[in-house]
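Okay, so here's the structure we're looking at.
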Amino acid sequence: MITGTVVNTAAVVAGTVLGLTVGKRVKEEHKDGVIKAMGLAVIVLGIKMAFEEHDFFPVIVSIVIGTFIGELADIEGKLEGVGERIKKRMGSDSSTFVLGFVTASVLFCVGSLTIIGCIKDGLMNDPSVLYVKSLLDGVSSMILASMLGVGVIFSAVIIFVYQGLLSLLAFNLRFLLDEPVYMNGISVVGGVLIVGIGISMTGIMRFKSANMLPALFIIPLYDYLAGIL
């Protein structure tokens with residue numbers, strides 16, 4: 001039921017270890033240039049996701065409500081707090097430890113690929129989508145770790161818990177597969193969140209992308225209620 005999540009978690013750990021090994025040989029100024037370039041690529045990925053066919057008004061409503069909930073719950077602050085505690089226990093003096101942990105956690109958990117993969121794995125015992133995601137996340141974690149350090153590896157814990165819970169709750173989320181509008185909505189909202197992550201990575205502006213995560217669950221609920229009213 002959570003086979004895909006286990007493989008995904010292992011891929012991130014392996015990618016991070018490889019990135020840390022290779023990253024030691026790369027100068028800081030080169031890492032900075034690469035992370036900004038990757039930020040631009042992430043922005044393009046987010047824009048591509050955001051262009052799925054879906055009315056944008058529900059997306060705006062979902063992002064506003066979801067972000068408000070996230071701000072009240074201070075999801076980003078809690079993630080950063082977890083990162084800081086892990087950093088202290090590890091005795092790390094890396095200035096990018098928390099950034100690596102939060103960025104990787106959000107990046108690997110946002111997107112319709114995560115939702116679809118977890119539902120298929122949990123409901124149909126089909127981890128194929130998460131296997132594809134594992135490959136992508138493994139490469140991404142290698143790149144992130146080489147630039148942001150060891151904090152990235154601890155995002156594997158977030159991935160395991162988050163995706164594992166989604167797979168276990170997949171039966172109650174099965175309606176997401178019934179109509180394309182649900183997955184399109186999740187893709188558009190996820191795209192907006194990923195654009196925020198990319199902008200933060202380039203250093204243009206700092207977005208609390210983790211506080212926007214509840215919007216991913218608001219949009220399918222909005223679409224469901226709109227369909228029955």
Side-chain angles (χ1 to χ4, degrees), residues 1-16 42 45-46 49 62-63 66-67 69-83 85-86 98-138 140-141 144-145 151-174 176-177 182-183 185-187 189-194 196-197 207-221:
M1 182 176 289
I2 61 171
T3 304
T5 295
V6 173
V7 172
N8 200 169
T9 302
V12 169
V13 172
T16 302
V42 170
L45 172 62
M49 289 176 58
S62 299
I63 289 176
T67 302
I69 293 172
E71 288 288 340
L72 287 178
D74 193 20
I75 298 174
E76 182 103 358
K78 288 181 172 61
L79 271 177
E80 290 180 347
V82 171
R85 286 194 290 274
I86 295 173
V98 176
L99 178 61
F101 170 71
V102 175
T103 299
S105 296
V106 177
L107 184 61
F108 297 152
C109 291
V110 167
S112 56
L113 197 63
T114 301
I115 307 294
I116 295 172
C118 290
I119 289 175
K120 290 193 71 174
D121 197 12
L123 186 59
M124 307 171 189
N125 198 28
D126 178 6
S128 57
V129 174
L130 287 183
Y131 286 163
V132 174
K133 180 177 180 293
S134 298
L135 178 61
L136 297 174
D137 288 355
S140 297
S141 63
L144 281 175
V152 174
I153 199 169
F154 293 98
S155 67
V157 178
I158 303 298
I159 292 171
F160 182 79
V161 173
Y162 176 71
Q163 291 187 180
L165 287 175
L166 280 184
S167 292
L168 293 173
L169 295 172
F171 183 78
N172 296 316
L173 298 173
R174 66 190 184 280
L176 293 175
L177 298 177
Y182 297 126
M183 297 317 305
I186 291 172
S187 179
V189 172
V192 174
L193 269 66
I194 288 177
I197 294 172
F207 280 96
K208 294 182 178 181
S209 299
N211 285 349
M212 300 168 69
L213 285 174
L216 290 170
F217 302 94
I218 299 294
I219 186 66
L221 178 61

Heavy-atom pair with the smallest gap, counting every atom of [X] and [Y]:
{"X": "S62", "Y": "A215", "value": "O-CB, 3.4 Å"}
{"X": "S167", "Y": "D121", "value": "OG-CB, 4.1 Å"}
{"X": "S134", "Y": "A11", "value": "O-CB, 3.4 Å"}
{"X": "I194", "Y": "M49", "value": "CD1-SD, 3.4 Å"}

Problem set entry | Derivation of the side-chain contact (heavy atoms from CB on, under 4.5 Å) call for T3 and Y131 | CA-CA 9 Å; T3 304; Y131 286 163; 3.5 Å; yes
In Å and rounded to the nearest 0.5 Å, what is the [atom1] to [atom2] distance from [X] to [Y]?
{"X": "L216", "Y": "L221", "atom1": "CG", "atom2": "CG", "value": "13.0 Å"}
{"X": "M212", "Y": "E71", "atom1": "CE", "atom2": "CD", "value": "10.0 Å"}
{"X": "L130", "Y": "Q163", "atom1": "CG", "atom2": "CD", "value": "5.5 Å"}
{"X": "T103", "Y": "L144", "atom1": "OG1", "atom2": "CG", "value": "7.0 Å"}
{"X": "K208", "Y": "I75", "atom1": "NZ", "atom2": "CD1", "value": "11.5 Å"}

For [X], check side chain to side chain contact (heavy atoms under 4.5 Å, CB included) against everything at least two apart and list the hits.
{"X": "I158", "answer": "L79, F101, S105, C109"}
{"X": "S141", "answer": "V12, T16, F108, V152"}
{"X": "I69", "answer": "I65, P214, I218"}

For this session: Evaluate the side-chain proximity of I2 to F160: yes if any heavy-atom separation is below 4.5 Å, no if none is.
Result: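 Yes, their side chains come closer than 4.5 Å.
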Exercise. Any side-chain heavy atom of D137 sitting closer than 4.5 Å to one from N8?
Worked result: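 Yes, side chains in contact.
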Problem set entry | Within 6.0 Å of OH in Y162, more than 12 heavy atoms from elsewhere |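 Enclosed: over 12 neighbouring heavy atoms sit under 6.0 Å from OH of Y162.
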Problem set entry | N211 versus E76, side-chain donor and acceptor atoms under 3.5 Å |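 Side chains of E76 and N211: no pair found under 3.5 Å.
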